[in-house]
Amino acid sequence: MGKIDKNEILSILDGYDKENVTIATLGSHTSIHILKGAKEEGFRTAVVCEKGREVPYQRFEVADEFILVDKFKDIINEDVQQKLRDMNAIVIPHGSFVAYAGLDNVEDKFNVPMFGNRDILRWEAERDLERKLIIESDIRMPYKYDDPSKIDRTVMVKFPGARGGRGYFVASTPEEFNEKINVMLKKNWIEEEDIKEAHIEEYVAGCNYCIHYFYSALNDEVEVMGMDTRFESSIDGLVRIPAKDQLEIGLEPSYVVTGNHPVVIRESLLPQVFENGDKLVETAKKMVAPGMNGPFCLQCFCNEDLELVIFEMSARTDGGTNTFMDSSPYSYMKFGEFMSMGRRISREIKNAIEQDKLDVIIT
Ligand code: AMP
């Protein structure tokens, strides 16, 4: 099956009643403020939700319509897609939407107008493509090792199935790498054939900033919307144990995100923040036309040389935008009113409808 043709999506959009567009998304991740923001901009809203998980959307009163499904992945089912098209829905993708629907299905089978650039989602999902885009933008990334025998400084080791999860580990020598791999094999966290998939990168000892940008394709402008940093288990719990006890208990850390907190960065770093966003947007225009469209996020560490080192990119709204469901200091600076990422998305859609330019931002 081939990729969905943008012309097909545009002809569905042609049949929509533009006065009655519904903003829809999957009920997880960042859907509360996506839907709230849509209501603030005057849209009807719909949530596609796994049965039993609808309570937050009822209690926060952010969804006008509920499409209840047995499993989140059923959003891909033809009857659900038809219900969405019948309500003139524009779907807002987020991390859980892509994870549950499946990237291949989003590319090949999801025949509902979506906000953003469908093609760029693969670029954040595959580490090599992600690295290509960031390096091509001349943005600093952690150094990557192609062979564990070359480890010559502290590195972070990641496995594909465990993004942000269990099984990341830190090592400083090839021997330590092998020791830790053996522990993981014994615990059945990985299989022999996974070892060659290990992604080994320079460990960046710095402070974490996840920077949330919005690229307005209508205005050709990169906006800094907000920033967060993360609570990760078990590493954040481990560092509360005195050093001597840490050595004795021998716990292996993991890096599972359990929450986010808002943060601001020192003002002298803001030129670098804007420069990185601008560079990425320009490269994306060339490498994954038409490029970025809407929210994206650069996760970085700021090292002691005040350099922002980017270790991860999202090419859609990132979970950390939940730290500014009302507004952030940066979005307030820009808009002079409360502006969440969800509201910003709907503002763009509203502007596109008014200017008859939905084809620029829908995919
Ligand atoms: P990721 O799955 O790449 O988003 O990483 C999850 C977490 O692992 C991050 O939030 C960091 O705490 C940690 N981490 C990832 N990459 C590095 C790195 N290169 N240096 C230090 N810590 C890292």
Side-chain angles (χ1 to χ4, degrees), residues 29-30 94-96 98-99 103 121-135 139-146 148 150-173 176-177 180 184 189-190 194 197-213 227-240 246 251-263 265 276 280 295-323:
H29 197 262
T30 44
H94 52 56
S96 301
V98 179
L103 196 48
L121 297 172
R122 185 166 291 280
W123 286 69
E124 58 153 51
E126 294 181 9
R127 273 195 204 284
D128 289 346
L129 289 177
E130 178 187 42
R131 176 165 281 270
K132 210 164 146 184
L133 193 62
I134 298 175
I135 297 287
I139 294 174
R140 170 90 158 83
M141 279 200 101
Y143 180 74
K144 179 177 180 271
Y145 289 77
D146 56 13
K150 295 185 187 158
I151 295 174
D152 59 352
R153 68 190 97 165
T154 306
V155 296
M156 183 80 170
V157 182
K158 307 179 182 183
F159 286 91
R163 287 186 82 148
R166 258 168 197 269
Y168 281 22
F169 67 80
V170 175
S172 298
T173 59
E176 193 183 350
F177 174 90
K180 292 196 170 166
M184 290 184 72
W189 286 356
I190 54 165
D194 295 329
E197 304 294 329
H199 170 90
I200 307 168
E201 68 182 35
E202 162 197 4
Y203 185 90
V204 186
C207 307
N208 175 229
Y209 297 90
C210 298
I211 302 169
H212 305 284
Y213 298 88
M227 296 180 200
D228 80 284
T229 181
R230 283 154 196 202
F231 278 126
E232 291 170 355
S233 267
S234 61
I235 187 69
D236 288 324
L238 277 177
V239 296
R240 301 183 66 223
Q246 285 179 18
L251 275 179
E252 293 296 335
S254 49
Y255 298 81
V256 181
V257 176
T258 63
N260 308 70
H261 37 127
V263 68
I265 203 161
N276 286 345
L280 192 74
F296 67 99
C297 172
L298 289 177
Q299 299 181 32
C300 60
F301 288 106
C302 183
N303 66 20
E304 62 190 353
D305 298 324
L306 295 177
E307 228 183 346
L308 298 178
V309 184
I310 312 299
F311 65 96
E312 195 85 82
M313 169 197 81
S314 309
R316 34 83 198 157
T317 186
D318 178 277
T321 57
N322 284 339
T323 54

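Since the model is a prediction, treat every value here as computed from it, not as a measurement. Numbering of ligands and ligand atoms starts at 1, following listing order. No hydrogens, no waters, no symmetry mates; every other heavy atom, side chains included, goes into these values.
Contact between Arg230 and ligand 1 is absent, with no heavy atom of the residue lying under 4.0 Å from the ligand.
For CZ of Arg153, the number of neighbouring non-hydrogen atoms (other residues, nucleotides, ligands) closer than 6.0 Å is greater than 12.
Ionic pairing of Glu130 and Lys144 is not present here: no N-O contact between side-chain nitrogen and carboxylate oxygen is shorter than 4.0 angstrom. A salt bridge links Arg230 with Asp228: the closest approach of a Lys/Arg side-chain nitrogen to an acidic carboxylate oxygen falls below 4.0 angstrom.
For atom 4 (O) of ligand 1, the choice among Arg127, Glu312, Glu232 with the nearest heavy atom turns out to be Glu312. Nearest to atom 19 (N) of ligand 1 by heavy-atom distance, out of Lys158, Met156, Glu201, is Glu201. Selection from Asp236, Val170, Ile310, Val204 by nearest heavy atom to atom 20 (N) of ligand 1 gives Val204.
Here is the list of ligand 1 atoms found below 4.0 Å of a heavy atom in Tyr255: 7 (C), 8 (O), 12 (O), 13 (C). The distance from ligand 1 to the heavy atoms of Gln299 drops below 4.0 Å at these ligand atoms: 4 (O).
Checked by distance only, ligand 1 and Tyr203 stay at 3.5 Å or farther apart across all their nitrogen or oxygen atoms. Between Tyr168 and ligand 1, at least one pair of N/O atoms sits closer than 3.5 Å.
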Evaluate side chain to side chain contact (heavy atoms under 4.5 Å, CB included) for Tyr168 paired with Met156, printing each intermediate quantity in order.
-> CA-CA 7 Å; Tyr168 281 22; Met156 183 80 170; 3.7 Å; yes
Evaluate the criterion side-chain hydrogen bond (donor to acceptor under 3.5 Å, both in side chains) for residue pair Asn276 and Tyr213; output intermediate values, then yes/no.
-> CA-CA 10 Å; Asn276 286 345; Tyr213 298 88; 5.2 Å; no
Test side chain to side chain contact (heavy atoms under 4.5 Å, CB included) on Gln299 and Ser314 and set out the steps.
-> CA-CA 8 Å; Gln299 299 181 32; Ser314 309; 4.3 Å; yes
